[in-house]
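Sequence positions, counted from 1, serve as the residue numbers for this chain. This one's a predicted model, so the numbers in the text were calculated from it and none came from an experiment.
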Amino acid sequence: MPPSSASTSAAQAKPAGASGGVQSLERAFDLLERMADAGGEVGLSELSASSGLPLPTIHRLMRTLVACGYVRQQPNRRYALGPRLIRLGESASRLLGTWARPFLARLVEETGETANMALLDGDEIVYVAQVPSRHAVRMFTEVGRRVLPHSTGVGKALLANHPPEEVRALLGRTGMPAATEKTITDPEHFLDALADVRRLGYAVDDNEQEIGVRCLAVPVPNSPTSAAISISGPTGRVTEAATDKIIPVLQEVAAELSVALANQTPA
């Protein structure tokens, strides 16, 4: 898998500790990022090759992470991300959702439709924030819900810039069950849809997750974790004509949210 923005930045940054931070902490977090990039499980030699750190240093750091519960050692002697990271991730996701709500509220104000924020968590999409439309129409999405990416606009937006072989591997692991008769269930057709996302700059779920509902989504640029925002509403309101007005608003709000996340302050 390609390195995440966090680990890529770390690799291109000054040597660990050069910024005045604690070198061992910088190295430990870099190793956790690299483990996540590798799918959550790696061997010491792989970490050494990707990080450039000597094996004894990596072994010492991994022993500490294992002792703290952030990494666990498998029976095959490889290392996997540990269960204590789950609590941290859940707390971070809730905070991310809190920061996003003012931006989603603006989307609702300007489009009249339900606004959502979602993350790519492993092979699944998880919704972390939502501001509902004022219209009395209930959507399938709700905070905390997990869905497969192939049938959602946010899923397409989040996967659009992933390498094709990585997307095929994900689809192979999850399968492509049909949520409706409109759901894309063929990997090559899905890759074609991702090419459309790259060309257009936004993703569309047209009755693919729920009949009668259309969703428009864009990624949040430079987000610390893969994130996308979307609006969803009845096909009678989220028309082609409405799309031309909604997409610029979505892209503007995504850019503003990106800046807020980078500054680590709510709007």
Out of [options], which residue meets the side-chain contact (heavy atoms from CB on, under 4.5 Å) rule with [X]?
X	options	value
H150	I184, T183, I125, V167	T183
I231	L104, V108, I247, I246	I246
L107	V131, T114, N116, I229	I229

Enter the distance from [X]:[atom1] to [Y]:[atom2] here, rounded to the nearest 0.5 Å.
X	Y	atom1	atom2	result
L65	L81	CG	CG	9.5 Å
S230	Q130	OG	CD	8.5 Å
L158	S226	CG	OG	6.0 Å
C68	R63	SG	CZ	12.5 Å
L120	S223	CG	OG	11.0 Å
M35	Y79	CE	OH	9.5 Å

Contact between [X] and [Y] at the side-chain level, heavy atoms closer than 4.5 Å - yes or no?
X	Y	value
L171	F190	yes
R198	N161	yes
L47	L53	no
V42	L31	no

Where is the tightest heavy-atom contact between [X] and [Y], given as atom of each residue plus distance?
X	Y	value
L170	P149	CD2-CG, 3.8 Å
S51	I58	OG-CD1, 3.7 Å
M117	A100	SD-CB, 3.2 Å
S133	G112	OG-O, 2.8 Å
A157	A228	CB-CB, 4.2 Å
T152	G155	OG1-N, 2.9 Å

| said: With no hydrogens and no angle check, just 3.5 Å: does a side-chain donor-acceptor pair link S151 and E208? | reply: no
| task | Classify the side-chain pair T243/R214 by whether it contains a donor and acceptor separated by less than 3.5 Å. | result |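 A pair is found: one side chain offers a donor N or O, the other an acceptor, under 3.5 Å apart.
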Say whether, by atom type as modelled, one donor and one acceptor occur between the side chain of [X] and the main chain of [Y] under 3.5 angstrom.
X	Y	answer
T64	R60	yes
S258	P221	yes
R34	S50	yes

| request: Under the salt bridge (Lys or Arg N to Asp or Glu O under 4.0 Å) rule, what do K245 and E110 come out as? Steps first, then yes or no, please. | output: CA-CA 10 Å; K245 299 177 181 178; E110 296 201 24; over 6 Å; no
| Between M176 and I211, is there a shared hydrophobic cluster once you connect ILVMFWY residues whose side-chain heavy atoms come closer than 4.5 Å? | no
| query | Is it the case that one hydrophobic cluster holds both V197 and V238, taking links as side-chain heavy atoms less than 4.5 Å apart, direct or via other members? | reply |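 Not linked; separate clusters.
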Are [X] and [Y] within salt-bridge range, i.e. N to O under 4.0 Å?
X	Y	result
E256	R106	yes
D30	R27	no
R134	E113	no
D205	K182	no
R168	E188	yes
E124	R145	no

| request: Take V147 and Y127 through the test side chain to side chain contact (heavy atoms under 4.5 Å, CB included) and record every step on the way to the result. | output: CA-CA 9 Å; V147 295; Y127 290 91; 3.9 Å; yes
| task | Before giving the answer on side chain to side chain contact (heavy atoms under 4.5 Å, CB included), spell out for R77 and L44 the whole-Å C-alpha distance, their side-chain angles and the decisive distance to 0.1 Å. | result | CA-CA 9 Å; R77 309 299 294 172; L44 291 183; over 6 Å; no
| field | salt bridge (Lys or Arg N to Asp or Glu O under 4.0 Å) between R146 and D121, intermediate numbers included | value | CA-CA 9 Å; R146 290 175 173 270; D121 183 20; 2.6 Å; yes
